[in-house]
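So the structure is just underneath, and the comments pick up after that.
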Amino acid sequence: MNNWKKLLLSLTFVGLILPVTSISEAAEKSAGSENLVPIREIAEKNGAEVSWQQKTGEITIRKSELTIVVKVGEKQAMVNGQAISLDNPVQLTKGTTYMDGAFLSETLKAAPEDIFISLISEGDGKEAAKYVHTSVSGVLSPTLLSQLWGALEGQNGKITSEAIAKHVENNTVHRNVTYTFKTELTRLNITVRMNDNGLVDDLHIAAATPDVYQKPSYDDPSAYTEQDITVGQGDLALPGTLTLPKGEGPFPVVILVHGSGPSNQDAAIGGAKPFRDLAVGLASQGVAVLRYDKVTYEHTYKVASQPKFTLKQESVDQVNDAVELLKKNAHIDSTAIFVAGHSQGGFAMPLIIAEDKQHDIAGSILLAAPSSSFADVLTEQQDELVERMKQLGLDTDVIQGQADFYKNVAAMVKDPKYSVDHLPEAFPLQPAYWWFEQRDYVPAELAKTQNTPMFVIQGENDVQVSMNQFQTWKSSLQGHSNVTYNSYPKVNHLLSSYDGLSIGQEYAEPSNVSKAIIDDIVKWVLKSN
């Protein structure tokens with residue numbers, strides 16, 4: 001089978017119907033008996049635009065992100081830069097150009113991301129790699145793409161031959177096409193991130209879970225507006241949202257910084273979207289909020305291709321870009337730019353302040369932020385979880401094994417025989433460089449040397465960051481008069497109030513950030529301003 005036919009017919013995998021557009025009998029006769037069709041007529045019927053270079057004989061067909069270039073006399077087409085063989089050469093007859101009808105019609109119907117998904121499902125990484133942009137081609141290589149589907153099936157069981165759903169969502173950086181597949185064990189979402197050139201710019205793969213989030217009672221849509229924004233430039237630019245209070249302004253603003261792991265701009269997890277809650281809650285009371293997709297979420301494979309990726313690159317650099325963006329916005333009070341970091345975002349806050357060379361940040365807000373080294377926090381977190389499960393009378397055998405694993409990781413990180421220049425050969429949590437590059441960083445110690453106003457917020461029911469971390473902030477910064485501390489008895493790590501003893505299982509249920517926390521942040525920001 002010809003190469004282009006193989007690519008396009010494989011689209012039946014995702015349940016697409018690709019009818020060949022009918023042509024007039026006269027057009028068929030004028031093209032002879034070789035199944036050729038008039039390019040302009042068929043392209044325009046399919047919503048495409050055609051341009052013709054008479055000197056070179058080159059015809060360009062454009063439709064959305066799809067570009068097809070053919071040349072009179074040649075037996076190939078360039079589809080988004082990829083060479084595909086044709087059954088017949090392109091012909092010019094009596095001022096009209098003709099080419100293979102089935103190829104033209106089906107290519108105009110087929111989306112490049114559909115072709116890409118079909119190819120990786122077949123293990124054809126060599127062909128799939130032709131649809132990948134150079135920004136990520138180093139990691140989304142033919143070898144990786146050939147093995148990807150098999151690796152997913154090894155983890156999740158055999159994947160159904162057809163996607164059960166397809167969803168398209170655009171942001172300021174990518175057109176994100178998410179395919180949902182059913183497997184023997186679960187459901188998977190595979191998101192193909194397409195750039196403006198119609199090429200694959202990254203992938204994001206995650207379990208497909210139902211969205212059970214419920215808007216909080218304090219969400220008043222009449223009190224704010226939302227604008228799409230882009231933080232940063234280049235290959236790692238991030239899409240985001242600026243939530244502005246209604247009114248003239250200028251307004252104080254809070255930049256939100258994520259915790260660990262890949263996360264979207266809402267910091268969605270289970271039934272919670274804490275960053276969305278903070279955005280609408282603060283904006284409803286006169287404080288603007290800027291939030292953005294985390295770099296490890298929007299650019300998952302690009303980041304994975306960097307063996308020396310650091311905490312600074314993950315959680316700090318984007319804040320600098322966000323500050324510069326906000327300083328140019330007439331609706332924002334440039335003297336009242338605050339930064340709020342949740343969990344790892346709060347852990348990185350002293351690094352963020354250290355990078356604020358122009359002193360643009362008016363204050364920092366720490367939301368469930370570790371004060372000790374990451375390795376120490378990891379060990380404490382595991383002990384806390386095991387202890388809480390015992391209190392609840394639950395079986396701890398499995399979780400104790402998990403705890404031992406992470407504690408061994410922490411011990412390896414702290415082992416002085418290893419360093420960024422001498423990493424363990426088989427470190428279980430990659431990239432190893434990330435762990436060893438910041439192993440001696442202790443947030444509370446760096447914060448001692450800084451004078452930016454700080455608001456430390458901690459839930460007393462937090463299983464991931466304990467009250468010990470909160471107390472360390474207090475003891476380390478006891479000489480700082482511009483630091484405020486608040487703890488909340490029932491609040492868990494997602495900043496929501498939970499009546500039971502939190503062990504993380506409640507994250508799956510709908511929850512919202514405590515209104516008391518939002519009210520206190522508003523008071524502190526306005527007072528500091």
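Please read these numbers as outputs of a predicted model, since none were measured by experiment. Every heavy atom of this structure was used, including side-chain atoms; hydrogens, water molecules and symmetry mates were not.
Within 6.0 Å of the CZ atom in Arg187, the count of heavy atoms belonging to other residues, nucleotides or ligands does not exceed 12. Under a cut-off of 6.0 angstrom, the local environment of CD in Gln233 is sparse, with at most 12 non-hydrogen atoms contributed by other residues, nucleotides or ligands. Within a 6.0 Å radius of CG in Asp415, more than 12 heavy atoms belonging to other residues, nucleotides or ligands are found. Taking a 6.0 Å sphere around NZ of Lys63, one finds it holds more than 12 heavy atoms contributed by other residues, nucleotides or ligands. In the displayed structure, Glu49 atom CD is contacted under 6.0 Å by at most 12 heavy atoms of other residues, nucleotides or ligands. Atom CD of Glu226 is surrounded by more than 12 heavy atoms from other residues, nucleotides or ligands within 6.0 Å.
In this structure, Gln155 contributes its side chain and Glu153 its backbone to no donor-acceptor pair below 3.5 Å. One N or O on the side chain of Lys294 and one on the backbone of Gly261 form a donor-acceptor pair closer than 3.5 Å. With hydrogens and angles disregarded, a donor-acceptor distance shorter than 3.5 Å links the side chain of Ser305 to the backbone of Lys302. The closest donor-acceptor contact from the side chain of Asp100 to the backbone of Ala102 lies at 3.5 Å or more, if one exists at all. Between the Glu184 side chain and the Lys158 main chain, a donor and an acceptor come within less than 3.5 Å of each other. Thr160 places a side-chain N or O within 3.5 Å of a backbone atom of Lys182 that can act as its donor or acceptor partner. A distance-only check finds a donor-acceptor pair linking the side chain of Asp293 to the backbone of Gln265 [under 3.5 Å]. Within the 3.5 Å criterion, the main-chain N or O of Trp434 finds no donor-acceptor partner in the side chain of Thr310. Looking at Asn492, its side chain does come within 3.5 Å of a backbone N or O of Leu494 through a donor-acceptor pair.
Counting only heavy atoms from C-beta outward, the side chains of Val491 and Glu460 never approach each other to under 4.5 Å. Residues Phe103 and Asn35 fail the side-chain proximity criterion, which asks for heavy atoms closer than 4.5 Å. Looking at Val295 and Tyr297, their side chains never come closer than 4.5 Å, going by heavy atoms from C-beta outward. Val257 has its side chain within reach of Val339: a pair of non-hydrogen atoms, C-beta onward, lies under 4.5 Å apart. A heavy-atom distance below 4.5 Å is found between the side chains of Leu145 and Phe116. Contact annotation: the side chain of Ile42 approaches that of Ser105 to within less than 4.5 Å [non-hydrogen atoms, C-beta and beyond]. Side-chain contact between Ile190 and Ile117 is present, with at least one heavy-atom pair separated by less than 4.5 Å. Side-chain contact between Asp266 and Asp277 is absent, with no heavy-atom pair separated by less than 4.5 Å.
Using bins of under 30°, 30° to 60° and over 60° for the plane-to-plane angle, the ring pair Trp149/Phe181 lands in the perpendicular bin.
Note that the CG atom of Leu199 and the NZ atom of Lys130 stand 13.5 Å from one another [nearest 0.5 Å]. His174 contributes atom NE2, which lies 6.5 Å from atom CG of Asn195 (distance to the nearest 0.5 angstrom). The line from CD1 of Ile115 to CD1 of Ile120 is 13.0 Å long, rounded to the nearest 0.5 Å. Here CD of Glu314 is found 8.0 Å from OG of Ser260. Values are rounded to the nearest 0.5 Å. Atom NE2 of His422 is separated from atom NZ of Lys417 by 7.0 Å, given to the nearest 0.5 angstrom. Distance check, rounded to the nearest 0.5 Å: CE of Met412 to CG of Leu423 gives 11.5 Å.
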Kindly determine whether Arg439 and Ser373 satisfy side chain to side chain contact (heavy atoms under 4.5 Å, CB included), including the steps that lead there.
CA-CA 7 Å; Arg439 74 170 174 189; Ser373 72; over 6 Å; no

Ring pair (Phe, Tyr, Trp, His ring centres under 6.0 Å) evaluation trace for Phe427 with Phe436
CA-CA 11 Å; Phe427 191 71; Phe436 287 89; 5.5 Å; yes

Output, in order, the C-alpha distance, side-chain angles, deciding distance and verdict of side chain to side chain contact (heavy atoms under 4.5 Å, CB included) for Tyr301 and Ile205.
CA-CA 10 Å; Tyr301 279 82; Ile205 302 171; 3.8 Å; yes

Does Leu429 form a side chain to side chain contact (heavy atoms under 4.5 Å, CB included) with Phe405? I'd like the steps, not just the answer.
CA-CA 11 Å; Leu429 296 178; Phe405 168 81; 4.3 Å; yes

Could you walk me through whether Arg388 and Glu384 pass the salt bridge (Lys or Arg N to Asp or Glu O under 4.0 Å) check?
CA-CA 6 Å; Arg388 289 185 177 216; Glu384 181 72 17; 2.8 Å; yes

How far apart are the C-alpha atoms of Thr243 and Thr241, what are their side-chain angles, what is the distance that settles it, and do they pass the side chain to side chain contact (heavy atoms under 4.5 Å, CB included) test?
CA-CA 6 Å; Thr243 308; Thr241 300; 4.0 Å; yes

Evaluation steps, salt bridge (Lys or Arg N to Asp or Glu O under 4.0 Å), between Glu169 and Arg175:
CA-CA 6 Å; Glu169 184 174 319; Arg175 185 169 66 88; over 6 Å; no

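In this structure, a donor-acceptor pair under 3.5 Å is absent between the side chains of Ser502 and Asn461. Side-chain contact of Gln400 with Gln382: a donor-acceptor pair under 3.5 Å is absent, judged by distance alone. Using modelled atom types, one finds a donor on one side chain and an acceptor on the other under 3.5 Å when comparing Ser371 with Gln469.
Taking each heavy atom of Ala237 and Thr230 in turn, the nearest pair found is CB-CG2, 3.9 Å. Of all heavy-atom pairs between Gly459 and Met467, the closest is O-SD, 4.1 Å. When every heavy atom of Lys273 is checked against every heavy atom of Asp211, the shortest pair comes out as NZ-OD2, 3.2 Å. For Ser343 against Val465, the heavy-atom pair with the smallest separation is OG-CG2, 4.4 Å. Nearest heavy atom pair, residue Pro239 against residue Asn171, reads CG-ND2, 3.4 Å. Smallest separation of non-hydrogen atoms from Ala375 and Ala410: O-CB, 3.5 Å.
Scanning for side chain to side chain contact (heavy atoms under 4.5 Å, CB included) contacts around Asp395 gives Asp397, with sequence neighbours left out.
Between Lys390 and Glu387 there is no salt bridge, since none of the side-chain N atoms of the basic residue sits less than 4.0 Å from a carboxylate O of the acidic one. Using a 4.0 Å cut-off between charged side-chain N and carboxylate O, Asp376 and Lys414 make a salt bridge. In summary, Lys308 and Glu437 do not engage in a salt bridge, as defined by a charged side-chain N under 4.0 Å from a carboxylate O. Using a 4.0 Å cut-off between charged side-chain N and carboxylate O, Lys490 and Asp499 make a salt bridge.
Between Phe275 and His258, the ring centre distance stays below 6.0 Å. A ring-centre distance under 6.0 Å is found for Phe374 and Phe347. His204 has its ring centre no less than 6.0 Å from the ring centre of His299.
Only one option out of Thr178, Thr300, Asn176 pairs with Arg193 in a side-chain hydrogen bond (donor to acceptor under 3.5 Å, both in side chains); it is Asn176.
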